[in-house]
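Being a predicted model, the structure only gives us computed values, none of them experimental.
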Amino acid sequence: GEFLVFYLFRRSPVTWSCCSFVRSSSPPKPNRFGLHRSICTLIYCGMARSRSSSTVWRYINPAYYLKRPKRLALLFIVFVFATFFFWDRQTLLRDHEEEISKLNEEVIHLRNLLEELKNGADMSVEKKKYSGEGGQAVKNMDSPDNILDAQRREKVKDAMLHAWSSYEKYAWGHDELQPQTKNGVDSFGGLGATLIDSLDTLYIMGLDEQFQRARKWVANSLDFNKNYDASVFETTIRVVGGLLSTYDLSGDKLFLDKAQDIADRLLPAWNTESGIPYNIINLAHGNPHNPGWTGGDSILADSGTEQLEFIALSQRTGDRKYQQKVENVILELNKTFPDDGLLPIYINPHKGTTSYSAITFGAMGDSFYEYLLKVWIQGNRTAAVSHYRKMWETSMKGLVSLVRRTTPSSFAYLGEKMGSSINDKMDELACFAPGMLALGSSGYSPDEAQKFLSLAEELAWTCYNFYQSTPTKLAGENYFFNDGQDMSVGTSWNILRPETVESLFYLWRLTGNKTYQEWGWNIFQAFEKNSRVESGYVGLKDVNTGVKDNMMQSFFLAETLKYLYLLFSPSSVIPLDEWVFNTEAHPIKIVTRNDRAVNSGRSGGSQESDRQLRTRKEGRFRVHH
């Protein structure tokens, strides 16, 4: 009833009487209309609330301001000032965060410089070997690490962080990242190829947090029991090599155990009549075979590029079976090794004889010749590995016979041979050869050493011009040479390959000539300009147009960025007299070969090799004997 009265009287003069009555201090009693004070209070308060609500809505209603332009202008000014104030606060916040980030990077940079200066205090024995008397170029290598090298090294490290964090975010545990579509693909059966390939790069660069996350994945998620036909070659150089290298660097037995697991799955590939392995094997079932497109033959590089890894595995475990399998291949090939040391790329795995096919230092031939030299270095150049050096020197005679020079600029290049004819074509893959020649030159007499070192420098200049001759300053996959035209790109894609920067690294280490650092820096800048995208690095479909592909190859992190980083690092970081790089740029510790370090069991030799290896703990990068 009182609410009804409130509704009826809220608009009438009675209300004013009520309001007057409410304000009085007299005892509660009906007024002249018979209404109690409480009812009048309700009427008064209701009117007050109604007026307050109407006022709020009036200021919100746009029509109110349209009739009052001055207030509209005032509201607009207030809005503009508020917007600028908020934007200014946000800008200051961003600037503050960027400044903090830069300061953190500078702190990290200074810490790295301090560590490297400490490491650089030790003289590398390797530099003395190649200096000779009065070797001024090499003496320059002994000077303190200069600021420019440190800045460039940090830029390469930043590139590694960008590549790795993109992989970690979008392709974790997969073999490779597709940066454009931001997803992972399993190019190698889902073995985490990029992760394993990157382990030693992360370790060498001091990226400890990233390394520990990768280690956790290896410990908890890496599984080789996959129904997948794997390439014996690719799995060996990337996975076995990557795990062994990380073991040699860190001393963490987890990586050795994993390396042995995958190696055991690969071993049945060598069960052929000749000992020449099949190149493909199923990881779960152990069924080996060769690809159909080779006509049943094995490939030279795929069959002769497992020696470093499997010999190292025997040395670390004390189980000789790995070494025996891969060394039998070399013994078999050495039975009919030609006078020029050049083998065709196809080999019959049943007979052990070569088939009529191309002879090349490019695809499918390259790393066979590389490992002849590097097994000799891995064994510390003793009599036990002298036959590797002898075979390599024979092959280098054959390499010299393939050298041609262009007109008009006289670029030296390595042709490819088919029968008795030479094809004027050279793969970028063959650009590993300058580094190999420089590395092997020390085993010759002084005159011969200088001849091969000069050839290495000539070939490196050609390979550098593979890059400089294109609009993007990135090299194509291969090049053709015609009279009067020097070089022209053939297959025009670039997939972030490392071979040229690999050779620049060796030439800088062995000569001290900073020109090779400048060439490497130019190549790195071309990768940054053309291949860096929001979510990693990609190759180019065409080095002439710069059109990008959608793949970040695992070897970009394992090889290209590692060699670039080492190109600007002190030579005490992975010194060449203590480490040898496999063909995927994984450093393997040199262990003197006397063939008493391993036996058919798993004792004795294992303890001795472990004792030698674990002395690396005296320093992160320096390993003292």
Consider only side-chain N and O atoms of [X] and [Y], and report whether a donor and an acceptor are under 3.5 Å apart.
X      : Y      : value
Ser298 : Asn290 : yes
Asn282 : Asn287 : no
Glu528 : Tyr537 : yes
Asn478 : Thr491 : yes
Gln450 : Ser454 : yes

Aromatic contact between Trp270 and Phe310, with the criterion being ring centroids under 6.0 Å apart: yes or no?
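Between Trp270 and Phe310, the centre distance is under 6.0 Å.
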For the residue pair Tyr563 and Phe581, is the inter-centroid distance of their aromatic rings smaller than 6.0 Å?
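They qualify: ring centres under 6.0 Å apart.
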Single hit among Asn494, Val156, Leu561 for side-chain contact (heavy atoms from CB on, under 4.5 Å) with Phe527
Asn494
State, yes or no, whether a side-chain contact exists between Ile588 and Trp579 at a heavy-atom distance under 4.5 Å.
no
Would you mind reporting whether Asn513 and Trp508 have side-chain heavy atoms less than 4.5 Å apart?
no
Applying salt bridge (Lys or Arg N to Asp or Glu O under 4.0 Å), which residue pairs with at least one partner in residues 418-427 are found, sequence neighbours left out?
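Listed by first then second residue: Glu416-Lys425, Lys425-Asp427.
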Checking salt bridge (Lys or Arg N to Asp or Glu O under 4.0 Å) for the pair Glu477/Arg497: CA distance, chi angles, key distance, verdict?
CA-CA 9 Å; Glu477 182 72 357; Arg497 287 200 187 277; 2.9 Å; yes
To check you understand the geometry: which heavy-atom pair defines the closest contact between [X] and [Y], and what is its length?
X      : Y      : value
Ser274 : Asn348 : OG-O, 4.2 Å
Pro587 : Ile574 : CB-CG2, 3.9 Å
Ala269 : Pro288 : CA-CB, 3.9 Å

